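Please read the structure below before turning to the comments.
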Amino acid sequence: MKRDYYFYNDGTIRRKDNTITFINSDEESRNLPIENMGNLYVMSEMSLNTSLINLLSQYGIVVHFFNYYSFYTGSFYPREKLVSGNIIVKQVEHYQDNEKRMGIAQALIDAASYNIYRNLRYYNGRGKDVKMEMADIENLRKNIAGTIGIKELMGYEGNIRKIYYSAWDKIIDQDINFTKRVKNPPDNMINTLISFVNTLVYTKVLGEIYQTQLNPTISYLHEPGTRRFSLSLDIAEIFKPLIADRLIFSLLNRNQITEKSFAKNLNYLHLTKEASKTIVSELDAKLQTTIKHRELDKSVSYQYLIRLECYKMIKHLLGEKEYEAFKIWW
């Protein structure tokens, strides 16, 4: 498994022959092995040059950039090497045909909402009374297969998440007073935390899509648009309950993240550097967690489950096997 690198200190990343060197503001340098490099995350002020970009492109390394407030600003997505005109044609065909598009979009929301339900069931079994929310979500899930348009489907998804978030006060042991999801910008520490972790999952999915023949700009649940990789948003939906939400519950219930992890004078909009480091460290550890895959009959990591999801979608597009989005089975 390749390793992702996170840069929290200001400095310069340069190409040195055929490897990469990071030089911090004190002129201390560190060589990084490019052969086993996964994604790069730039969370600080950094100088790069075209020589480095060319090397990163050569090795297919995706670079994600975040601003001072830990908000995602964009990714350097190298020229694709695993190009397939056939897959692109099939992706577009499944987007333009409403029945085919709805089939994939419904599978995504069905799986995402099921994984949400499983999270609630997990915590209900550990003394958190969320039976009412579980029942309400189950009732809404029954309508997913009957939706005829993306807007209607997204409406059910929004209502399911609204109920789900209403249960977070019960699941999280800290006094969080979380009433609703607010983005752009987040309005409290929980919304800031959700935005940051969800963005990290989005970038992890994007990194896995790059390793396949899928085009990340052609999507089914989210509308394809400019300046975003919407297929990454689609696939991230089904993994957020397993990876992002469970990580957030764990960080808060173990008091690894508290109010002190945010800049209070910015309405908790800004995570401290230490808190951000804790989150990415715990996230990477979680992604390396392995489970026994019941179909492959071997252990796979959470991160590789994301790659498998891309492969499953490719098989569906090619007509080899109907797409069944990932659902928690353990």
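Quick caveat: nothing in here was measured; it's all calculated off a predicted structure.
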Side-chain ion pair, Asp173 and Lys128, N-O less than 4.0 Å: yes
About how many Å separate CG of Leu40 and CG of Leu32, when rounded to the nearest 0.5 Å? 8.0 Å
Taking the side chain from Ser219 and the backbone from His222, do they hold a donor-acceptor pair closer than 3.5 Å? yes
Strictly distance-based, threshold 3.5 Å: is any side-chain N or O of Thr73 a donor or acceptor partner for the main-chain N or O of Phe65? yes
Do the charged groups of Asp17 and Arg15 touch, with an N to O distance under 4.0 Å? no
Would you please classify the geometry between the Phe178 ring and the Tyr165 ring as parallel, tilted or perpendicular, with 30° and 60° separating the classes? perpendicular
Scanning both residues in full, the closest heavy-atom pair of Pro78 with Ser57 reads CB-CA, 3.8 Å
In terms of heavy-atom contacts, does CD of Glu99 have more than 12 from other residues, nucleotides or ligands at under 6.0 Å? no
Thinking salt bridges, do Arg101 and Glu223 make one under a 4.0 Å N-O criterion? yes
Steps toward side-chain hydrogen bond (donor to acceptor under 3.5 Å, both in side chains) verdict (Thr21, Asn31): CA-CA 4 Å; Thr21 298; Asn31 293 327; 2.7 Å; yes
Hey, can you tell me if Tyr8 and Tyr6 have their rings parallel, tilted or perpendicular (30° and 60° cut-offs)? parallel
Short question: side chain of Gln174, backbone of Leu252 - any donor-acceptor pair under 3.5 Å? yes
Is Asn36 close to Arg3 at the side-chain level, that is, under 4.5 Å between some pair of heavy atoms? no
Let's go through Tyr41 and Phe7 carefully: what are the C-alpha distance in whole Å and the side-chain angles of both, what is the deciding distance for ring-ring contact (aromatic ring centres under 6.0 Å, His included) to 0.1 Å, and is it a yes or a no? CA-CA 6 Å; Tyr41 287 81; Phe7 297 93; 9.7 Å; no
Output the distance between atom CG (Asp169) and atom CD1 (Ile176), rounded to the nearest 0.5 Å. 4.5 Å
Kindly give the heavy-atom pair with the smallest separation between Thr272 and Phe262, and that separation in Å. CG2-N, 4.2 Å
Ignoring hydrogens and geometry, is there a side-chain-to-backbone donor-acceptor pair from Arg126 to Tyr122 under 3.5 Å? yes
Verify, without hydrogens or angle tests, whether Tyr220 (side chain) and Gln91 (backbone) share a donor-acceptor contact under 3.5 angstrom. yes
For the residue pair Tyr311 and Tyr304, does the interplanar ring angle fall in the parallel (under 30°), tilted (30 to 60°) or perpendicular (over 60°) class? perpendicular
Count the heavy atoms of every other residue, nucleotide or ligand shown that sit under 6.0 Å from CD of Glu324, and state whether that count exceeds 12. no
Under 4.0 Å between a side-chain nitrogen and a carboxylate oxygen: does that hold for Lys142 and Glu138? no
Smallest heavy-atom separation, Gly11 atom then Phe22 atom, equals CA-CE1, 4.1 Å
Apply the test side-chain hydrogen bond (donor to acceptor under 3.5 Å, both in side chains) to residues Ser51 and Asn49: give CA-CA distance (whole Å), side-chain angles for both, the deciding distance (0.1 Å), then the verdict. CA-CA 5 Å; Ser51 177; Asn49 60 25; 4.6 Å; no
Ignoring hydrogens and angles, tell me if any N or O in the side chain of Asp26 forms a donor-acceptor pair with the backbone of Glu28 under 3.5 Å. no
Ion pair check, Lys240 and Asp245, cut-off under 4.0 Å: no
State whether the number of non-hydrogen atoms from other residues, nucleotides or ligands found under 6.0 Å of Gln58 atom CD is greater than 12. yes
Verdict with supporting geometry, Leu247 and Val201, side-chain contact (heavy atoms from CB on, under 4.5 Å): CA-CA 11 Å; Leu247 177 66; Val201 172; over 6 Å; no
Is the distance between the ring centroids of His293 and Trp330 less than 6.0 Å? no
Closest non-hydrogen contact found for Phe326 with Ile238 is N-CD1, 4.0 Å
Tell me if a side-chain donor or acceptor on Ser261 pairs with a main-chain N or O of Thr258 at a distance below 3.5 Å. yes
Could you check if a side-chain atom of Met37 sits within less than 4.5 angstrom of a side-chain atom of Tyr59, using non-hydrogen atoms only? no
Whether Ser276 side chain and Lys273 backbone form a donor-acceptor pair below 3.5 Å: no
Can we say Lys277 and Glu274 salt-bridge, meaning some charged N sits less than 4.0 Å from an Asp/Glu carboxylate O? no
Return the orientation label for the Phe196 and Phe66 ring planes: parallel under 30°, perpendicular over 60°, tilted otherwise. perpendicular
Measure the shortest side-chain to side-chain distance between Phe229 and Tyr202 over non-hydrogen atoms and say whether it is less than 4.5 angstrom. yes
Minimum heavy-atom separation for Ile209 and Leu214, please, with both atom names. CG2-O, 3.8 Å
Would you call the rings of Phe249 and Tyr123 parallel, tilted or perpendicular, taking 30° and 60° as the class edges? perpendicular
Taking C-beta and beyond as the side chain, do Asn9 and Ser44 meet within less than 4.5 Å on heavy atoms? no
Where does the angle between the aromatic ring planes of Tyr77 and Tyr210 fall among parallel (under 30°), tilted (30 to 60°) and perpendicular (over 60°)? perpendicular
Heavy atoms from other residues, nucleotides or ligands near CZ of Arg14 exceed 12 (cutoff 6.0 Å): no
Taking atom CD of Glu152 as the centre, does the number of heavy atoms from other residues, nucleotides or ligands within less than 6.0 Å exceed 12? yes
Is His270 reaching over with its side chain to a backbone N or O of Tyr68, donor-acceptor style, under 3.5 angstrom? yes
Is Ile148 atom CD1 crowded by more than 12 heavy atoms from other residues, nucleotides or ligands, each under 6.0 Å away? no
For the CG atom on Asn86, are there more than 12 heavy atoms of other groups (residues, nucleotides or ligands in this structure) within a distance under 6.0 Å? yes
I need the Asn119 CG to Ile328 CD1 distance, nearest 0.5 Å. 5.5 Å
Does Glu157 reach the side chain of Leu221, with side-chain heavy atoms less than 4.5 Å apart? no
Quick check against the 3.5 Å criterion: does Ser195 have a side-chain atom that pairs as donor or acceptor with the backbone of Asn191? yes
Quick check for you: to the nearest 0.5 Å, what is the distance between Lys170 atom NZ and Asn124 atom CG? 9.0 Å
Distance (rounded to the nearest 0.5 Å) between Lys312 NZ and Ile235 CD1: 10.0 Å
Testing the basics here: between Glu133 and Ala167, what is the closest heavy-atom pair and its distance to 0.1 Å? CG-CB, 3.8 Å
Looking at Lys315 and Glu322, is there a salt bridge between them, counting it only when a charged N and a carboxylate O are closer than 4.0 Å? no
Tyr117/Arg121 under side-chain hydrogen bond (donor to acceptor under 3.5 Å, both in side chains): CA gap, chis, key distance, verdict: CA-CA 6 Å; Tyr117 178 87; Arg121 195 180 82 170; 6.0 Å; no
Between Val62 and His64, is any pair of side-chain heavy atoms under 4.5 Å apart? yes
Quick one: are Val63 and Asn39 in side-chain contact, heavy atoms under 4.5 Å? no
Taken to the nearest 0.5 Å, the spacing of Asp110 CG from Tyr156 OH works out to 14.0 Å
Charged N-O contact under 4.0 Å between Lys204 and Asp284: yes
So for atom NZ, which belongs to Lys81, do other residues, nucleotides or ligands contribute more than 12 heavy atoms lying within a distance under 6.0 Å? yes
Measure the shortest side-chain to side-chain distance between Ser232 and Val205 over non-hydrogen atoms and say whether it is less than 4.5 angstrom. yes
